[in-house]
Enquirer: 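Have a look at this one.
By convention in this document, chain letters (A, B, ...) are assigned in the order of the sequence lines, proteins followed by strands, and residues within each chain are numbered from 1. All figures in this text were calculated on a predicted structure; none of them were measured in a lab.
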Amino acid sequence: MSRVSVPCHVKGTVALQVGDVRTSQGRPGVLVIDVTFPSVAPFELQEIMFKNYYTAFLTIRVRQHTSTHTPAKWVTCLRDYCLMPDPHSEEGAQEYVSLFKHQMLCDMGKVLELRLILRQPSPLWLSFTVEELQIYQQGPKSPSMTFPKWLSHPVPCEQPAPLLEVSPHPG
Amino acid sequence: MLQEESDLALIIAQIVQKLKGSTLYAQLERQAWASLQRPEIKLESLKEDIKEFFKISGWEKKLQNAVYSELNVFPLPSHPAAPPEHLKEPLVYMRKAQGSWEKRILKSLNSMCTELSIPLARKRPVGEQKELLNKWNEMGTDEPDLSLFRPVYAPKDFLEVLINLRNPNYENGDSHSFRTHLGLIQVPLKVKDIPELKEFFVELGLTAGQLGIDDSTQVPPELFENEHVRIGQKVLSEQDSAAAQQYIRQGSPTALRAELWALILNTSSQPEDVKLTASNDDYYFVFEDYLYQVLLCFSRDTSVLGHFAYNSASPPKSYIRGKLGLEEYAVFYPPNGVIPFHGFSMYVAPLCFLYHEPSKLYQIFREMYVRFFFRLHSISSHPSGIVSLCLLFETLLQTYLPQLFYHLREIGAQPLRISFKWMVRAFSGYLATDQLLLLWDRILGYNSLEILAVLAAAVFAFRAVNLMEVTSLAAAEAVLADLSTLKVMPLLQIFLFATVT
């Protein structure tokens with residue numbers, strides 16, 4: 001199925017840290033990235049694609065359009081998805097990742113906003129983020145192509161098995 | 001699950017694509033056409049009958065072997081958005097380091113050529129061609145004056161590059177944290193620990209028979225050896241690559257080794273059009289000749305360029321004079337893209353004991369190179385790459401022989417400085433040949449070079465008592481200078497399965 005990229009606006013990352021960012025020791029282990037879609041109506045999300053950069057765990061929250069007048073709430077659609085099996089080592093650190101709608105915990109029918117929560121518990125890395133973020137919605141269905149029958153596997157013409165004469169059971 | 005299904009479809013599509021260009025595909029097509037003459041092939045059930053015919057005639061097995069070979073050699077298809085360099089090496093800083101290293105080698109090569117006024121690539125003049133053909137079988141004894149040529153680089157130069165490898169996003173500060181690397185390698189690659197190695201190398205365990213241990217003279221052959229040889233013969237008669245790879249984990253009988261390696265590496269039985277005049281001189285052959293022949297042909301074999309798709313290295317390119325940057329005028333030098341280093345011929349030498357037919361010897365060496373040996377001299381994050389092997393060795397030593405590690409470090413004898421040359425040459429030239437071949441059996445069987453790092457650590461463990469008494473790097477080198485009496489399988493078994501941790 002085809003997919004269409006949705007233009008998005010990625011807000012700057014916000015580090016979540018207890019205390020003053022400037023004076024406290026150590027590096028933040030949690031970052032939040034907000035993704036908005038200013039010029040697009042609420043859409044059905046098909047795929048999220050990005051290049052990882054040393055993020056160990058990813059949580060995604062989504063805010064969807066509701067038909068009623070209740071304000072839209074944030075719902076977690078992906079919880080602690082593991083990108084690096086060992087946060088202290090390089091495995092998975094710079095991989096390309098795709099997340100599909102069937103992996104999400106909730107329906108992604110009318111997406112308004114996304115919030116990516118990145119976690120990296122290891123103090124060994126100087127920074128972490130996700131790069132080249134792309135959001136896709138379902139593209140127009142391609143016109144069905146009719147293939148000539150012989151191109152796909154020719155099903156052998158099955159002769160129905162000759163019915164055996166079954167002699168009726170006596171009695 | 002949807003994702004797994006589409007992954008599988010992608011892998012199948014990739015393998016089909018690869019095999020379409022091979023001779024096997026052409027052969028299968030020919031066989032299928034020829035089989036139409038056979039009485040048992042009926043038009044109504046054409047597909048099923050031809051499949052049955054392939055199964056009986058052994059062609060299905062050949063196809064299975066080819067698919068298995070592809071799965072072993074080529075990495076799984078990565079994410080569709082990943083560029084080709086990501087497939088060669090996913091970590092950006094390693095790609096950069098490999099690029100810088102290549103530039104250095106090329107610069108060294110170019111300056112050597114300028115110094116000696118030798119052009120890098122020129123066509124051999126006719127007179128020289130004739131002379132070469134005549135002298136083809138004696139090249140070892142009548143070599144040109146190579147005294148002015150220096151090797152392009154030595155393993156210890158490469159080690160210095162690896163020692164200086166740094167991840168710019170990693171905490172490399174002076175403060176010692178819980179993850180400070182006490183060894184020479186400073187990059188945090190994932191390496192297996194002993195419990196994981198025990199699982200990975202389960203067939204080397206104490207309860208399984210091994211060639212290299214259970215075929216010694218004191219052990220009656222009925223216990224293990226006879227049955228193992230019988231199974232080996234059966235595997236060969238079935239011509240099954242996957243079975244052979246599993247079988248060889250317990251070692252290969254000497255008589256069956258040549259055929260088993262050829263089956264595992266899936267080299268074709270047809271002699272290739274390699275320009276080796278196989279004058280099978282019955283009374284005398286000198287390995288030197290074979291080495292020259294093989295290496296000369298290897299350097300000109302452009303099919304080797306294919307492995308650069310999954311090798312972090314790239315072949316050095318130069319342009320015809322005046323056409324810099326134009327791809328049609330780009331020339332790979334050497335034609336196979338591989339610049340050899342000091343000791344490179346040691347990869348070929350042990351194979352000379354197994355294969356006497358030059359064409360076969362060449363095919364086996366080329367397969368071994370594009371599957372394994374290239375990883376020993378390029379910078380990558382692959383678990384069998386030399387960086388991971390070095391880190392695995394150092395980690396094993398630190399974790400399981402901490403006193404020895406600390407002592408050697410204190411006297412200025414970092415263990416990797418001694419073991420690096422063993423691993424880079426896959427122990428060729430350091431072990432006795434029969435022991436080396438037993439070790440290379442396992443490399444093929446497990447499709448991994450990690451065993452080299454484990455053996456290096458096992459050697460240190462074996463000589464630990466002597467090493468604790470030395471007080472200098474030179475003395476440590478002396479203790480570990482002679483490995484020719486070592487038996488590799490007992491060392492590996494004891495280190496992995498019988499050491500109290």
Enquirer: Would you find more than 12 non-hydrogen atoms of other residues, nucleotides or ligands less than 6.0 Å from B:Glu160 atom CD?
Expert: yes
Enquirer: Can you tell me which portion of B:Val191 sits under 4.5 Å from chain A's heavy atoms? Options are side chain, backbone, both or neither.
Expert: neither
Enquirer: Examine distances only and state if a side-chain atom of B:Asn169 and a backbone atom of A:Ser127 form a donor-acceptor pair shorter than 3.5 Å.
Expert: yes
Enquirer: Of all the heavy-atom pairs spanning A:Tyr96 and B:Ala81, show the shortest one and how long it is.
Expert: CE2-O, 4.0 Å
Enquirer: Under 3.5 Å, is there a donor-acceptor pair linking the side chains of A:Gln94 and B:Tyr93?
Expert: no
Enquirer: Can you tell me if B:Glu199 has over 12 outside heavy atoms packed within less than 6.0 Å of its CD?
Expert: no
Enquirer: So for B:Pro80, is it side chain, backbone, both, or neither that comes closer than 4.5 Å to the heavy atoms of chain A?
Expert: neither
Enquirer: With a 4.5 Å cut-off on side-chain heavy atoms, are A:Leu126 and B:Tyr170 touching?
Expert: no
Enquirer: For B:Arg166, look at atom CZ and say whether over 12 heavy atoms of other residues, nucleotides or ligands are found less than 6.0 Å away.
Expert: yes
Enquirer: Are more than 12 heavy atoms from other residues, nucleotides or ligands located less than 6.0 Å from atom NZ of B:Lys18?
Expert: yes
Enquirer: Between A:Glu95, A:Glu91, A:Lys51, who has the most heavy-atom pairs with chain B when the cutoff is under 4.5 Å?
Expert: A:Glu95
Enquirer: Do B:Glu171 and A:Pro123 make a side-chain contact, defined as non-hydrogen atoms from C-beta onward lying under 4.5 Å apart?
Expert: no
Enquirer: Hey, does B:Asn167 have a side-chain heavy atom less than 4.5 Å from the side chain of A:Tyr54?
Expert: yes
Enquirer: Which pair of non-hydrogen atoms, one from A:Glu90 and one from B:Leu189, has the smallest distance, and what is that distance?
Expert: CG-CD2, 3.9 Å
Enquirer: Could you tell me if the side chain of A:His88 sits less than 4.5 Å from the side chain of B:Pro188, heavy atoms only?
Expert: no
